[in-house]
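Before any comments, here is the structure.
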Amino acid sequence: ACEDYRNPGFDPTRSRACNSVGRTRESRIMTTLTHGMTNDRYHELRRILEERREEMAGEVKDKIRLVRTEGGQTSTRRVADITENSEADIQDDIEFALIQMKAETLTKISAALARLEEGTYGYCFECGDEIAEQRLRALPFAARCKGCEEVCENERNHERVLESRSKAVSLFGTPSI
């Protein structure tokens, strides 16, 4: 099963995934820590991640402020009909989802900064191989290479399908075969 790096108890050094040469991820991480990266590259990555974190934190604060301001104004508005209330509720749900997504991105950026400090940034949590430079430029907080991320997404999607099927079975009884 795919370990989820977003799990607070996840420890990439505990995984025993092996590459084609048979080295464990732990030994590859130790190699990374000893070889490290250039000082310029380290500072560039840190700057990119910190700028992204500041930008995202500002957006989250602005959205929260906007939602609070709009929430306070609704009590002073005229009585709305059911349709207007429904539309307002949908808009509130969308705003909340956006805030939640940005907050999750903030968490990922903080985790990436921690990996940068540990010397494990840029290496996949699953296989230990380097994450492609293009992927890191697009998603500087990426914790998995593209291949491993696709595998984990497929596993999560499969689990969701199984979960929804089990809920359907519990609602309608045992399926007939």
Side-chain angles (χ1 to χ4, degrees), residues 1-33 37 45 48-53 55-57 59-60 63-64 67 86-87 89-177:
C2 178
E3 291 185 73
D4 194 344
Y5 65 91
R6 293 171 286 194
N7 178 348
F10 179 73
D11 181 0
T13 61
R14 297 266 181 230
S15 175
R16 291 292 179 189
C18 293
N19 67 9
S20 57
V21 190
R23 291 174 38 210
T24 64
R25 175 185 301 135
E26 188 172 24
S27 67
R28 286 192 303 274
I29 288 173
M30 295 314 290
T31 301
T32 303
L33 289 171
M37 63 180 72
L45 291 169
I48 290 168
L49 288 166
E50 287 176 344
E51 284 176 2
R52 190 84 171 256
R53 180 175 59 183
E55 174 187 335
M56 201 62 54
E59 289 177 17
V60 168
K63 285 278 185 200
I64 290 172
V67 169
S86 177
E87 289 173 4
D89 289 345
I90 290 170
Q91 187 62 37
D92 288 346
D93 289 346
I94 291 170
E95 292 295 328
F96 178 74
L98 288 171
I99 291 170
Q100 193 171 18
M101 287 172 35
K102 290 178 186 287
E104 288 171 7
T105 301
L106 272 173
T107 301
K108 290 176 185 178
I109 292 170
S110 293
L113 283 164
R115 290 192 307 276
L116 186 63
E117 292 300 314
E118 295 168 354
T120 59
Y121 178 83
Y123 290 86
C124 178
F125 272 172
E126 297 299 322
C127 68
D129 291 341
E130 271 191 75
I131 299 172
E133 184 73 23
Q134 287 178 320
R135 180 165 171 77
L136 288 174
R137 288 199 187 281
L139 291 169
F141 47 82
R144 293 188 181 97
C145 66
K146 183 180 177 196
C148 289
E149 187 63 41
E150 287 174 355
V151 168
C152 288
E153 281 296 317
N154 288 337
E155 286 179 9
R156 283 192 288 270
N157 289 338
H158 181 70
E159 288 171 6
R160 284 185 201 120
V161 167
L162 291 177
E163 184 178 318
S164 67
R165 285 182 184 164
S166 70
K167 286 179 182 177
V169 168
S170 67
L171 286 174
F172 300 108
T174 309
S176 58
I177 297 176

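These numbers come from the heavy atoms of this one structure, side chains and all, not from hydrogens, waters or symmetry mates.
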Quiz item: With a 4.5 Å heavy-atom cut-off, do C145 and R135 have their side chains touching?
Solution: no

Using the test side-chain hydrogen bond (donor to acceptor under 3.5 Å, both in side chains), find all partners of [X] that sit at least two apart in sequence or belong to another chain.
X: E95; answer: K63, Q91
X: D93; answer: none
X: Q134; answer: none
X: E59; answer: K102

[atom2] on [Y] to [atom1] on [X], rounded to 0.5 Å:
X: I109; Y: R53; atom1: CD1; atom2: CZ; value: 8.0 Å
X: R115; Y: S110; atom1: CZ; atom2: OG; value: 10.5 Å
X: L113; Y: R52; atom1: CG; atom2: CZ; value: 12.0 Å

Who are the salt bridge (Lys or Arg N to Asp or Glu O under 4.0 Å) partners of [X], not counting sequence neighbours?
X: E50; answer: R46
X: E51; answer: R47
X: R137; answer: E133

Exercise. State which residues pass side-chain contact (heavy atoms from CB on, under 4.5 Å) with L45; sequence neighbours excluded, sorted by chain then number.
Key: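 Applying side-chain contact (heavy atoms from CB on, under 4.5 Å) to L45 gives M37, R41, L116, Y121.
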
Quiz prompt | Partner set under side-chain contact (heavy atoms from CB on, under 4.5 Å) for Q100, not counting sequence neighbours | solution = F96, E104

Please give me the minimum heavy-atom distance between [X] and [Y], naming the atom from each residue.
X: R144; Y: C152; answer: NE-SG, 3.4 Å
X: C124; Y: C127; answer: SG-N, 3.5 Å
X: A112; Y: F141; answer: CB-CA, 3.8 Å

Quiz item: Do NZ/NE/NH1/NH2 and the carboxylate oxygens of E149 and K146 come within less than 4.0 Å?
Solution: no

